[in-house]
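Below you'll find the structure, written out as structure tokens, and then a few comments.
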Amino acid sequence: MIQIRHLYKTFGTGESAVHALEDINLDIQEGEIYGIIGLSGAGKSTLVRCMNLLERPTSGTVIVDGKDMTSLSDRELRLARRNVTMIFQSFNLLMQRTVLKNVCFPMEISGVPAAKARKRALELLELVGLSEKADAYPSQLSGGQKQRVAIARALATDPKVLLCDEATSALDPTTTASILGLLKDLNEKLGVTVVVITHQMSVIEEICSRVAILDGGILAEQGKVEDIFSDPHTDAARRLVYPGGVSIQQYPAGTRAIRVAFNGGTVYQPLIATLAIDLGVKVNILGADTRNIEGKAFGTMLLALPDDPNSAAKALSYIRAQPNVSAEEVEYHA
Ligand SMILES: Nc1ncnc2c1ncn2[C@@H]1O[C@H](COP(=O)(O)OP(=O)(O)OP(=O)(O)O)[C@@H](O)[C@H]1O
């Protein structure tokens, strides 16, 4: 649905130039929920704004639904933007208009007759669970309700792609969960492709099937959420996925340690306890950062092996024999 090739975006020139995006290549499939994550300033908003040409790339191509967005005339671009709509952290509702009129707005612009627009707007409000607020004004709504209106408005032109720029960042955790649930629901019901920009790993965990990690304008890593969570390859991915980090550097020279990776077992095995009970071998947990994604365990644990080589070998082979668990010895550099 979206193909991005060799995308660069530079703001300014000369010494003050900011290279916001450098050589970004990515593919987003039709009907998926795709996440783009990165720390503040990583270039997420710039990237998503390049997808509907709110920001014009310095070079490279952005193909959406078979159209090269960079080569469209202004008129063609206005039409194409009905197909790639957007919601924002700050909702951007028209405060002088009722909820219903906000949802009607894009249809008015594109020349849909008033009665038809009203009927469609009411259907959309029902879809987002806000029928009873049709005549309210945005100032009378909670943040979550405002975002529901913004979503209904973004769907008014039957887009194929919905871009969400930090759409839940201003909301509390419960409201965030309900908006993410709504996005997932709309993705399933309408087949709309959803692109989610966020700095929160929990948002990616909740609804995305694939994710790209942006770091300083560069695409550090991309792939299935579960693959990246279980085995992040780049420092940028590790920083985001496991911000607490587990580092052997903090432990004394000579510590014999193993890094245990949980690769999607159905539950967390109480590994350390069973090791002690079954084999009588005690290991220390030096660090752990594990996550539960759709009921499966992912993440890593750093364990210090016992000094006694026999016990250490027993512990290692016991751990390696567990399903969906892998273990590697970690070298310690003083
Ligand atoms: N219009 C602009 N003019 C100059 N520099 C800009 C402009 N827009 C963005 N930048 C710069 O480009 C870089 C990427 O910004 P961008 O807003 O895309 O990052 P982000 O990952 O979305 O960050 P945040 O989560 O803080 O919004 C930053 O260094 C930013 O200062």
Side-chain angles (χ1 to χ4, degrees), residues 2-26 28 33-62 64 69-70 74 77 81 84-93 143 146-147 150-151 154 161-173 175-176 179-180 183 193-208 210-223 225 228-229 232 234-243:
I2 302 178
Q3 286 104 33
I4 292 180
R5 295 288 176 271
H6 304 297
L7 181 75
Y8 287 79
K9 176 71 192 181
T10 303
F11 293 104
T13 52
E15 287 200 353
S16 61
V18 176
H19 300 288
L21 296 173
E22 292 186 76
D23 200 16
I24 305 291
N25 293 283
L26 60 85
I28 298 176
I33 306 186
Y34 193 93
I36 297 172
I37 187 164
L39 300 175
S40 183
K44 306 180 295 294
S45 291
T46 306
L47 176 57
V48 81
R49 288 164 64 83
C50 283
M51 289 182 191
N52 60 1
L53 265 269
L54 277 182
E55 206 70 75
R56 186 161 283 279
T58 306
S59 63
T61 52
V62 178
V64 181
M69 302 289 279
T70 54
D74 285 352
L77 197 52
R81 282 203 191 113
V84 192
T85 54
M86 197 164 182
I87 57 171
F88 306 87
Q89 177 173 355
S90 52
F91 321 121
N92 291 11
L93 298 180
K146 284 182 194 154
Q147 197 57 290
I151 291 170
V161 180
L162 176 62
L163 306 173
C164 310
D165 190 356
E166 298 280 6
T168 55
S169 298
L171 305 175
D172 64 57
T175 314
T176 292
I179 293 293
L180 295 179
L183 289 173
T193 305
V194 179
V195 181
V196 173
I197 299 293
T198 182
H199 63 276
Q200 293 170 298
M201 218 58 208
S202 55
V203 169
I204 302 284
E205 247 172 24
E206 193 71 28
I207 58 166
C208 298
R210 294 195 305 140
V211 62
I213 295 182
L214 269 187
D215 184 42
I218 288 166
L219 207 158
E221 215 166 312
Q222 60 178 315
V225 172
I228 293 201
F229 276 28
T234 57
D235 281 347
R238 278 191 282 268
R239 275 199 305 276
L240 279 163
V241 177
Y242 301 115

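What you are looking at is a predicted structure, and each value in this text was computed from that prediction instead of being measured. First listed ligand is number 1; within each ligand, the first listed atom is number 1.
- Gln222 places a side-chain N or O within donor-acceptor distance of the main-chain N or O of Asn25, the cut-off being under 3.5 Å.
- Formation of a donor-acceptor pair under 3.5 Å by the Thr58 side chain with backbone atoms of Thr10 is found in this model.
- Considering only non-hydrogen protein atoms, atom 25 (O) of ligand 1 sits nearest to Lys44 NZ, 2.9 Å.
- Backbone and side-chain nitrogen or oxygen atoms of Gly41 are examined, and one is located within less than 3.5 angstrom of a nitrogen or oxygen of ligand 1.
- In the vicinity of Leu39, heavy-atom distances shorter than 4.0 Å reach the ligand 1 atoms 21 (O).
- Judged by the shortest distance from any of its heavy atoms, Gly38 lies outside the 4.0 Å radius around the atoms of ligand 1.
- Side-chain contact between Leu214 and Ile24 is present, with heavy atoms from C-beta onward closer than 4.5 Å.
- On a distance-only criterion, Phe11 and ligand 1 share no N/O pair closer than 3.5 Å.
- Looking only at distances, no side-chain donor or acceptor of Thr175 sits under 3.5 Å from a matching main-chain atom of Leu171.
- If you check which protein heavy atom lies closest to atom 15 (O) of ligand 1, you get Thr46 OG1, 3.8 Å.
- Compare Ser45, Ser169, Ser40 by their heavy atoms: the one nearest to atom 22 (O) of ligand 1 is in Ser45.
- Side chains of Glu221 and Thr234: a donor-acceptor N/O pair is present below 3.5 angstrom, by distance only.
- Atoms of ligand 1 lying under 4.0 Å from any heavy atom of Ala20, numbered from 1 in the order shown and given with element: 12 (O), 13 (C).
- In this structure a side-chain-to-backbone donor-acceptor pair under 3.5 Å is missing from Arg56 to Lys9.
- Side chain of Thr168 to backbone of Thr176: no donor-acceptor contact under 3.5 angstrom is found.
- Within 4.0 Å of atom 31 (O) of ligand 1, not a single protein heavy atom is present.
- In this structure, Leu219 and Ile213 have side chains that are not in contact, with every pair of non-hydrogen atoms separated by 4.5 Å or more.
- Looking at Val18 against ligand 1, only its side chain comes within 4.0 Å, counting heavy atoms.
- Of the protein's non-hydrogen atoms, the one nearest atom 19 (O) of ligand 1 is Gly43 N, 3.2 Å.
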